[in-house]
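The structure appears right after this line, and notes come after that.
Residue numbers begin at 1 in each chain, while the letters A, B, ... track the order of the sequences.
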Amino acid sequence: MATFFGEVVVAPSRAGLDEEEEAREETPEDREIRRELEKKREIDVLWTWQSGGRAEEPLVCSRFIVAIGRNAAAFLSSFILDSVCWEVVGVVKLWNEWCRTSSTTNVLPTDSFCLFYRLISDPTVLLCQCSCYVAEDQQFQWLEKVFGSMQKKGLQVTILSTCPVADYKTQESTLTLVSPFLKALKTKEFQEQVCCPLLEQPNIVRDLPAA
Amino acid sequence: MFVPCDRGGGSAAADFKGFTLLMPAVSVGNVGQLAIDLVISTLDMTKVGYFYTDCLVPMVGNNPYATAEENSTELSINAEVYSLPSRKLVVLQIRSPFIKNKYRPFCETLLSWVKSSKCARVVLLSSSHAYQRDDEQLLGTPLRYLLTPDLEKAVGGLMKELNWKEMEKVAAYPGISDTDKVLHIPGGGITKLLFTESCSEGIQMAVLLKFCSEGDNIPDAFILVNYLNEWLQLIKSEVSNPSSQWKIPSSWRLLFGNGLPPALF
């Protein structure tokens, strides 16, 4: 790509990574390094009823509310969660370049954490606060490990998340938009009334909420 | 990997025996993916399933090919499969980049799905960095093709008739003469890997690619899809304006940002 001053600049490709790295055959050392990195980036989902061993039975869950990102997590902390009606039942331990969470359930709002709560009066209602960033290569793992612990029949999942208004694609400028505003995406199996308009093309959702 | 949609037709929709699989490589300018969007949108193809894979960055949105209020609310994710049985065509669309270290696992799983679903051949739409062309490649057409040996036998003659140019091999060690020539597709994403794997697995694969740069790649997509059409004849194209017959999907709106704030002026 030529610039005004005449030098050629390599523009970052929208297509993603340069494939040359990938096409190279792995040496045993490369493989070892990759395995170590993968192990470091593994996610552990720890449920409170596990005492050393794995939980045998899948968790019976009728409603699962997941809040992803600091804003959504703060919303749940401010309006829904309290120590009387909700109890902590699980935690996700992970590490990536952006954050590290621990297995402690005693967290500050400014920490990065991913905790699961259960409604004491109805233990099939589960809530997750995920204020940490789950990296691209960990999102699928998170999904499989969390949902793998649940029985999914009759399960209704609600995902709460936030995006910057500047990312919203619309004909008018976002400066004139009244914000904040809500948009929704739903599967065709979701038959109930949605409380806000659906997300219009060409807007998309990415990362953990998308996964 | 492939998860069929429940459409009442049961598993009949997932039978791709003898079909041509058309798919993009996630490559420079996303030209292959844009071209595939044009194919799916113009031929009004039906979604028959998706790939459940950990190899691509997750994304979700509403139907990118929506034409009206009624069909605009179907969810769409990063790897979906569409089909047009009347043309024996099945199309895979990929909508997000690959996750690091996942090129090879994806290619392996994809090719094993191609074999198990008994697709007759695969056509891969791709692109390569224009700035990496050598002096000869700078002249003439920016379009190239590649055929695996198995497909060469079937359609090699047709390519010659169409006067298509095969992708040149380059010296393995530039500057040193007498060295082996290798295939080099910079910016092509999984193109080279998928092609070399298909050669060794005996899969009939064709790669159609265009040299381009990042920028507004819509014209590149039209050129690539018209190139494809010369061979597969998916639509009747007018000689005077071959691009007019392709339908642009609604998701192509606002590719370069929102409207400007009036206060700017």
Side-chain angles (χ1 to χ4, degrees), chain A residues 1-2 8-23 25-26 30 34 37-38 135-141 143-144 159 165-177 183-190 194 198-211, chain B residues 25-33 53-55 57-64 66 72-78 95-104 127 129 131 185-193 196 213-215 217 249-255 257-264:
Chain A
M1 201 163 92
V8 174
V9 171
V10 178
S13 173
R14 293 198 294 270
L17 273 182
D18 184 7
E19 81 287 3
E20 291 302 326
E21 250 181 66
E22 300 273 352
E25 286 298 327
E26 265 191 330
D30 286 338
R34 186 170 57 78
L37 263 175
E38 274 174 11
E136 274 171 12
D137 57 308
Q138 295 172 316
Q139 287 159 11
F140 194 83
Q141 226 195 106
L143 198 67
E144 294 265 286
I159 303 162
V165 174
D167 285 351
Y168 181 64
K169 305 255 187 311
T170 173
Q171 196 64 40
E172 310 93 45
S173 150
T174 48
L175 271 182
T176 51
L177 272 180
K183 292 286 175 189
L185 283 173
K186 66 172 197 67
T187 62
K188 58 179 185 287
E189 286 81 4
F190 184 82
V194 182
L198 293 181
L199 187 65
E200 309 86 353
Q201 293 80 350
N203 292 286
I204 58 166
V205 173
R206 54 187 108 218
D207 291 327
L208 192 61
Chain B
V26 180
S27 56
V28 58
N30 307 107
V31 178
Q33 296 158 285
T53 173
D54 61 344
C55 301
V57 173
M59 58 72 55
V60 66
N62 276 321
N63 181 10
S72 69
T73 60
E74 193 182 332
L75 284 187
S76 196
I77 60 165
N78 55 11
R95 299 196 173 94
S96 61
F98 283 93
I99 290 175
K100 199 170 162 61
N101 293 323
K102 293 292 189 180
Y103 277 45
R104 195 170 280 278
S127 53
H129 285 306
Y131 68 80
I185 311 178
I190 58 169
T191 305
K192 183 176 159 183
L193 184 58
T196 47
S213 304
E214 295 282 351
N217 299 107
S250 53
S251 55
W252 283 21
R253 286 178 57 234
L254 304 172
L255 271 178
N258 295 339
L260 297 167
L264 196 65

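- For residues 198-211 of chain A, the pairs satisfying side chain to side chain donor-acceptor pair (under 3.5 Å) are A:Gln139-A:Asp207, A:Tyr168-A:Glu200, A:Lys183-A:Glu200, with sequence neighbours left out.
- Contact of A:Glu38 with chain B is not made at all, since no heavy-atom distance falls under 4.5 Å.
- For B:Thr191, no part lies near chain A; criterion is any non-hydrogen pair under 4.5 Å.
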Apply side chain to side chain contact (heavy atoms under 4.5 Å, CB included) to the pair B:Arg253 and A:Lys169, showing each step before the final yes or no. CA-CA 9 Å; B:Arg253 286 178 57 234; A:Lys169 305 255 187 311; over 6 Å; no
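- In this structure, chain B has a heavy atom under 4.5 Å from the side chain of A:Leu143, while its backbone stays farther away.
- Interatomic distance, NZ of A:Lys186 versus OG1 of B:Thr73, reported as 5.5 Å (0.5 Å rounding).
- Ranked by heavy-atom pairs under 4.5 Å with chain B, the list A:Val205, A:Asp137, A:Thr187 is led by A:Val205.
- Between B:Asn62 and A:Leu199, the shortest heavy-atom contact is ND2-O, 2.7 Å.
- What you find for B:Met59 and A:Ile204 is that their closest heavy atoms are CE-CG2, 3.6 Å.
- Residue A:Leu198 holds its CG atom at 12.5 Å from CG of B:Asn63, rounded to the nearest 0.5 Å.
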